[in-house]
Amino acid sequence: MIDTAAADYQVLVDTVRDFARAELIEKDRRWDREESSCCTELRPLYELGLLALRVPEEAGGLACPVVPYAHIIRELAYASASVSVTVGVHNMVCEIVRQFAQPAVRDEMLPKLAQPGNLAAFAISEPNAGSDPASACTRAERVPGGFRLHGAKMWVTNGITGRWFVVLARLNDVPRAAAPMAHDDRFGSDDGGRSSVDRSPPRDLCMFLIDAEQHEVRRNPIHGKLGIRGSETADMSLDGAFVPEQNLLGQPGWGMRIALAALDGGRIGIASQAAGIASAALDLMTGYSQQREQFGRRIADFQAVQWMLADSKTELMAAQQLIDRAAWLKDQDRSFTQEASMAKLYTSEAANRIVYRAVQTHGGYGFVNEFRVEQLYRDARITTIYEGTSEVQRLVIARNLLRR
C-alpha cells in the first residue's frame, strides 16, 4: 500500500478526521434539511488551513501533497459531502492559478485565496454544455485593458459565496498557432470523453480568472437538489463582466486544456468524496446490524447481511488503493489521467452500491431521513455525475488503452 504522507501530513489528516466527526455531521444534517449553505461555516476551515491545502508555503498555504490531500477530502466527506466538495473545488482553482496564472497574478492571488473572503469557483458547464465542455458558448471579446465576457454558466459549485471564478469562454481572435496540440501531455486529457479522433480540440477556448464582485455578474442558487444540499450550486449570467488582460490564464487557446488538466486532478477529489460517503455508510451499516434484532437474532448474524458487509469493505479498500495510486502519480508529476478516471469511476459506482446496502440493511428505517443513511444514499448519487460522468470516465480509460 502507498504511504499516505509524511508524519506531519498524517497528523493533519488525523486532526481533520477528529474535527469533521465532532463538528460537521450534525451541521451537515441541518444543511440538508434546510437546503442552507455550508459556506456560512468556512472560518474554522480556514483556521485549519483547509482552503489553502494546495497553496505553496511561501504564499501562506500548506503545500499539501496529493496523497494526504485525498485522505483529507475523504475525512471531510465522511462527515459532510458538501464541505468536502466546497474545499475540493476551491483547492482545484488554487492549483489552476499556481500553474497557469501570469507570475504577477499568481503572486498576488495565491495569498488571497488562502484568506477568508476569497472562496473560489470553477465555471465551465453551461445549460447546453455539460459532459461536452467543448460546446461552451460563453463569449469573450477584447476591449481596452482586457476582455468582456457574455454568456451563462450552470452547476457552479461555490457559486453564491465565491468571489474568484475560473471561467471558460470563446475568444474570437485566437491565433491558430497559440493553442497546444492534442498530444501535449502537459494538459492531461484531450477532452471530456469525445476523443481527438472524433474532433480536433477547440482552439478558440480560453480560461479567465474573474472577480465576481461586479454588477455584470449575476448568480442564482439552484435548489431542489437530490443530495449535497449544503453545497452551493448556482447558475451564473455574465453580461459584459470585465476581466483584466493579465487574468487570462495560460495562453490564448489553452482554455480546454487547462480545464481538463484541472478535471483530471478534480476526479481524485471526487473519488475521495465518494470514499468518505461510503465509509460513513459502512460504519452505520455495521453498527446498526449489531444492534437490530429480527427472528430472535442480531441481523449481523445472518449470512445475507454479512455478505453485504464483506462486499462493501472489500470494494472500499480496493477503491482507496485506486485513489492512492492516482494521487501518488500526480505527486510524482507523472501522467495520471487514466488512473484518476479509474479511481473516480470505480469509487463512485462502489459508493452507490455500498449506500444501497446500508439502506437495505436498515430496512424501513433506512427510507426515512431520521436515519443518516437516507441522506448518504442521496449524497452519493452525484459522485457518478460531476467531474465527468461514469460514462465519460469509461471513454477516457478506453481511449488511453487504445492509444498504446
Taking [atom1] in [X] as the centre, count heavy atoms belonging to other residues, nucleotides or ligands within less than 6.0 Å. Is the count above 12?
X: N128; atom1: CG; result: no
X: F367; atom1: CZ; result: no
X: Y377; atom1: OH; result: no
X: K225; atom1: NZ; result: yes
X: R381; atom1: CZ; result: no
X: Y46; atom1: OH; result: yes

Derivation of the side chain to side chain donor-acceptor pair (under 3.5 Å) call for Q99 and R106 = CA-CA 8 Å; Q99 290 181 271; R106 180 192 64 217; over 6 Å; no
I'd like to know if [X] pairs up with [Y] as an ion pair, taking the criterion as any Lys NZ or Arg NE/NH1/NH2 lying under 4.0 Å from an Asp or Glu carboxylate oxygen.
X: R357; Y: E315; answer: yes
X: R378; Y: E374; answer: yes
X: D301; Y: R298; answer: yes
X: R267; Y: E387; answer: no
X: R21; Y: D18; answer: no

Examine the side chains of [X] and [Y] and answer whether a donor and an acceptor come within less than 3.5 Å of each other.
X: Q375; Y: R229; value: no
X: S237; Y: R218; value: no
X: W164; Y: D211; value: no
X: E126; Y: T138; value: yes
X: H71; Y: D324; value: yes
X: T86; Y: E232; value: no
X: S125; Y: K153; value: no
X: R292; Y: S289; value: no
X: Y386; Y: Q273; value: yes

Does any part of the side chain of [Y], heavy atoms only, come nearer than 4.5 Å to the side chain of [X], both counted from C-beta?
X: I268; Y: K344; answer: no
X: D235; Y: V156; answer: no
X: Y78; Y: D283; answer: yes
X: D28; Y: S82; answer: yes
X: L282; Y: L316; answer: yes
X: D264; Y: L260; answer: no
X: F19; Y: L48; answer: yes
X: L238; Y: I210; answer: yes

How many angstroms lie between atom CD1 of I270 and atom CD of Q393, to the nearest 0.5 angstrom?
->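 CD of Q393 is found 10.5 Å from CD1 of I270.
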Contact list for residues 42-62, test salt bridge (charged side-chain N to carboxylate O under 4.0 Å, His left out), sequence neighbours left out |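 Output for this query lists R54-E95.
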Between F100 and W254, how do the two ring planes meet: parallel, tilted or perpendicular, split at 30° and 60°?
->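 Plane angle over 60°, so perpendicular.
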Under 30°, 30 to 60°, or over 60°: which ring-plane class applies to F371 and H362, parallel, tilted or perpendicular?
-> perpendicular
Is there a donor-acceptor pair under 3.5 Å between the side chain of [X] and the backbone N or O of [Y]?
X: D204; Y: N172; result: no
X: H90; Y: L119; result: no
X: S80; Y: A77; result: no

Do R148's NZ or CZ and the ring of F242 fall within the cation-pi criteria of under 6.0 Å and 45°?
-> no
Test I72 against every option in L50, L62, V87, V67 by the side-chain contact (heavy atoms from CB on, under 4.5 Å) rule and name the one that passes.
->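 Result for side-chain contact (heavy atoms from CB on, under 4.5 Å) with I72: L50.
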